[in-house]
K.L.:
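Handing you a structure now.
The chains referred to below are lettered A, B, ... by the order of the sequence lines, with proteins before strands, and numbering in each begins at 1.
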There are 2 protein chains.
Amino acid sequence: MSSKSPLYRKVAGDLRTAIAAGEYGSGARLPAEDELARRYGVSRGTVRQALAALRADGLVTSRRGARRVVLGGAARLQSFAELRSFSRWARSLGEEPGGRTVAVDPARATEEEAHHLQVPQGARVFRVRRVRTLSGAPVMVERTTYPERIGELVAALPVDAVSHSEQLELHGVLFTDAHHTIDVVPADRDDAGLLNCPAGQALLRERRRSTDPAGTPVEWSEDRYLPGTVAFTVHNSTATSALGRRLGED
Amino acid sequence: MSSKSPLYRKVAGDLRTAIAAGEYGSGARLPAEDELARRYGVSRGTVRQALAALRADGLVTSRRGARRVVLGGAARLQSFAELRSFSRWARSLGEEPGGRTVAVDPARATEEEAHHLQVPQGARVFRVRRVRTLSGAPVMVERTTYPERIGELVAALPVDAVSHSEQLELHGVLFTDAHHTIDVVPADRDDAGLLNCPAGQALLRERRRSTDPAGTPVEWSEDRYLPGTVAFTVHNSTATSALGRRLGED
DNA sequence: GTACAACAGTTGTCCGTACAACTTGGAGCT
DNA sequence: AGCTCCAAGTTGTACGGACAACTGTTGTAC
């Protein structure tokens, strides 16, 4: 059966599970690259590629001259797939994801939408509003705008489809990059009704712009979470910087 | 004069400025790796290392078979240094950072602090409370716990020192990795007094654990921002995943 | 015209080598 | 004991080559 996944991925996966299994406790030093290369029967370059992946996930440090050290605490970091899909994320935690599509509206792109989706202003887009639940309780309201091509696929989905992203994947729509902005906003009347909370309630807001492998925007979304239900975690290092802080001009 | 920075960094920097200068507009395709290698007189491997950095910053996509595409919109992403230091970040935006140290207390590590700093419970630590301002207006309250070694350095700083992190750097204390958790909490009495806002006001909370190159924790901090003042931005992709979502158990 | 097939172009993976830069621990000296 | 200094160990950087896998385009056949 053997998979078609590249060698360095297998090595990375193996090391990941070894760390998760506690073979290398927090603060422990990993074997040297040469040693790992020998052990797995691969070249040092391949080992380095695997270790770069672990470092990007914040699992290990690395510095010249010394062996790599396992970083404790970071613990479990979701994969990109789990982050992209609310459903997948929830299921991986043993929670039962639910969703109710409130509205699917064909519309004309506003200036903001046009900018983020890189389409001309006034172009045809689809606006989708959904309420997401964990084990039945509403947790998040999701307002997504899709360009026409993608929106048509979404509009064709049944209203009770739990995971839109998984359905889109089946149609060959891939999400590979996303840019997120996280801040706080008060709930408006609409949020309050959908989330069953008082208007003005502070919500954790995540705005997201996702693109496909070719760099074409495929969604522009604004999600609002009830406080206390989820938190966002980020790891960054001098090696791979992905997090930033921004003035909140809105 | 020439610097001691590695080759691939110069290439990456050059490409970054070229993109920023609009030489490759949003959606444009970068030259092929071979072409860049020829142009810079370096090997393809070095070019790939440079491009990997750009990809990690979310500046370009990359997929097998097709040339790399410049991702628009992501725009300016702060460097790790700017994220680490409130002062540096503020100054890079033309704002005047300020700070007031409210208290520096030697203390015994609580269970939580001990866990995050990887010291025995009850070990000597220093708790520092500061109010941070932008152009005079209070924006954030920062509650940081340092292990004894670092805390002693901080305690010796003048109360009106604007940037603690820059001072620590001068003493050879390096921060290379950080793990962040972002969510929302209501302001307690203390926050309200320091930030001059009503108690119960929702604040954007960032909890942070920073480590040095050896993987030793050097700070554990909880920062609370007034809403509307800052937002956090994150880029992630299937290639480098650093962002995650967490159940908010606290 | 439309669909299919071949082809050139491009990035991903993997190997090998060599040297530079840095850390660590121990030997040896005071 | 404490200090300096050295040597071994380890990661970072850079080169080179080869092939696999995929994309976009071109051109052919129907």
Side-chain angles (χ1 to χ4, degrees), chain A residues 2-13 15 24 27-56 59-71 172 174 176-177 212-216 237-240, chain B residues 2-13 15 24 27-56 59-71 172 174 176-177 212-216 237-240:
Chain A
S2 88
S3 55
K4 63 275 187 81
S5 94
L7 255 183
Y8 78 90
R9 254 180 207 299
K10 295 186 189 171
V11 176
L15 289 173
Y24 305 101
R29 296 196 299 190
L30 282 187
E33 296 174 358
D34 282 334
E35 166 64 19
L36 289 174
R38 240 194 325 277
R39 203 177 289 183
Y40 287 104
V42 300
S43 79
R44 189 181 156 218
T46 301
V47 169
R48 281 182 65 77
Q49 217 169 338
L51 289 170
L54 299 200
R55 186 180 56 176
L59 283 174
V60 299
T61 62
S62 66
R63 56 195 186 130
R64 188 175 231 153
R67 294 248 282 269
R68 264 166 254 260
V69 173
V70 177
L71 277 178
L174 294 179
T176 57
D177 282 76
D212 70 6
T216 310
S237 73
T238 48
T240 71
Chain B
S2 87
S3 57
K4 62 273 188 83
S5 93
L7 257 183
Y8 78 90
R9 254 180 207 297
K10 296 185 189 173
V11 177
L15 289 173
Y24 305 101
R29 297 195 299 191
L30 282 188
E33 295 175 358
D34 283 334
E35 165 64 19
L36 289 173
R38 240 194 325 276
R39 202 178 290 184
Y40 287 103
V42 300
S43 77
R44 188 182 157 217
T46 301
V47 169
R48 281 182 66 75
Q49 218 168 337
L51 289 170
L54 299 200
R55 187 180 57 177
L59 283 175
V60 300
T61 62
S62 66
R63 56 206 256 243
R64 187 176 234 153
R67 294 246 282 270
R68 263 166 255 261
V69 173
V70 176
L71 276 178
L174 293 179
T176 57
D177 282 75
D212 70 7
T216 311
S237 71
T238 48
T240 70

K.L.:
Distance check needed: D:dC22 C1' versus A:Leu174 CG, whole Å only.
P.N.:
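So the two atoms are 14 Å apart, to the nearest Å.
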K.L.:
Using heavy-atom distances to pick each residue's nearest nucleotide on DNA chain C, tell me which of B:Ala214 and A:Pro6 is more 5'.
P.N.:
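Taking each residue's closest nucleotide, the earlier one in sequence belongs to A:Pro6.
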K.L.:
Would you kindly check whether a donor in the side chain of B:Arg29 faces an acceptor in the base of D:dG24, or vice versa, at under 3.5 angstrom?
P.N.:
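Counting by modelled atom types and ignoring angles, no donor-acceptor contact under 3.5 Å is found here.
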K.L.:
Provide, to the nearest angstrom, the distance between the OH atom belonging to A:Tyr8 and the P atom belonging to D:dA20.
P.N.:
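Taking atom P of D:dA20 as the reference, OH of A:Tyr8 is at 18 Å.
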K.L.:
For DNA chain C, what string of dots and brackets results from 5' to 3' when Watson-Crick and G-U pairs need both distances under 3.5 Å, crossing pairs get [ ], and pairs with another strand get |?
P.N.:
||||||||||||||||||||||||||||||
K.L.:
How close or far is atom P of D:dT13 from atom NZ of B:Lys10, stated in whole angstroms?
P.N.:
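One finds 13 Å between P of D:dT13 and NZ of B:Lys10, rounded.
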K.L.:
Can you see if the side chain of A:Arg63 gets near the phosphate of D:dG12 - specifically, an N or O under 4.0 Å from OP1 or OP2?
P.N.:
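So the side-chain polar atoms of A:Arg63 never come under 4.0 Å of the phosphate oxygens OP1 or OP2 of D:dG12.
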K.L.:
Enter the distance from B:Arg55:CZ to A:Thr176:OG1 here, rounded to the nearest 0.5 Å.
P.N.:
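That separation rounds to 10.5 Å.
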K.L.:
To the nearest Å, how far apart are A:Arg68 CZ and C:dT23 P?
P.N.:
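In whole Å, C:dT23 P lies 15 Å from A:Arg68 CZ.
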K.L.:
Nearest whole angstrom, please: distance from the P of C:dC15 to the CG of A:Leu36.
P.N.:
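In whole Å, C:dC15 P and A:Leu36 CG are 14 Å from each other.
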K.L.:
Do A:Asp177 and B:Leu71 have side chains that approach each other closer than 4.5 Å (heavy atoms only, starting at C-beta)?
P.N.:
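In short, these two side chains touch, coming nearer than 4.5 Å.
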K.L.:
Without decimals, in angstroms, what is the distance between B:Asp34 CG and D:dG16 C1'?
P.N.:
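About 13 Å, once rounded to whole Å.
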K.L.:
Enter the distance from B:Tyr40:OH to B:Leu7:CG here, rounded to the nearest 0.5 Å.
P.N.:
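One finds 11.5 Å between OH of B:Tyr40 and CG of B:Leu7.
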K.L.:
With rounding to the nearest 0.5 angstrom, report the OG1 to CD distance, B:Thr46 to B:Glu33.
P.N.:
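Going from the OG1 atom of B:Thr46 to the CD atom of B:Glu33 covers 11.5 Å.
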K.L.:
Rounded to the nearest 0.5 Å, what separates atom CG in A:Leu51 from atom CG in A:Leu30?
P.N.:
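Rounded to the nearest 0.5 Å, the CG-CG separation comes to 6.5 Å.
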K.L.:
If a protein heavy atom is under 4.0 Å from the base, mark B; if only from the sugar-phosphate, S; if neither, -; do that for nucleotides 3-9 of chain C going 5' to 3'.
P.N.:
------B
K.L.:
Please examine the side chains of A:Leu15 and A:Val60, heavy atoms only from C-beta on, and report whether any two atoms are closer than 4.5 Å.
P.N.:
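No, every pair of side-chain atoms sits at 4.5 Å or beyond.
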K.L.:
Assess whether atom CZ of A:Arg39 is packed by more than 12 heavy atoms of other residues, nucleotides or ligands within 6.0 Å.
P.N.:
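Enclosed: over 12 neighbouring heavy atoms sit under 6.0 Å from CZ of A:Arg39.
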K.L.:
Would you indicate, yes or no, if D:dG12 has its OP1 or OP2 atom less than 4.0 angstrom from a side-chain nitrogen or oxygen of A:Ser62?
P.N.:
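Result: yes.
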K.L.:
Hey, does the side chain of A:Arg44 come within less than 4.0 Å of D:dT13's phosphate (OP1/OP2), counting only N and O?
P.N.:
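No, outside the criterion.
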K.L.:
Could you state the atom-to-atom distance from CD of A:Glu33 to P of D:dT13 in whole Å?
P.N.:
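Roughly 11 Å, once rounded to whole Å.
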K.L.:
Could you check how far CG of A:Leu30 sits from P of D:dT10, rounded to whole Å?
P.N.:
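It works out to 12 Å between those atoms.
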K.L.:
Can you name the nearest heavy-atom pair linking B:Gln49 to B:Tyr8, along with the distance?
P.N.:
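Minimum heavy-atom contact is NE2-CE2, 3.7 Å.
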K.L.:
So which heavy atom on A:Asp34 is nearest to which on A:Arg44, and how close?
P.N.:
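Nearest pair, atom of A:Asp34 first, then A:Arg44: OD1-CD, 3.7 Å.
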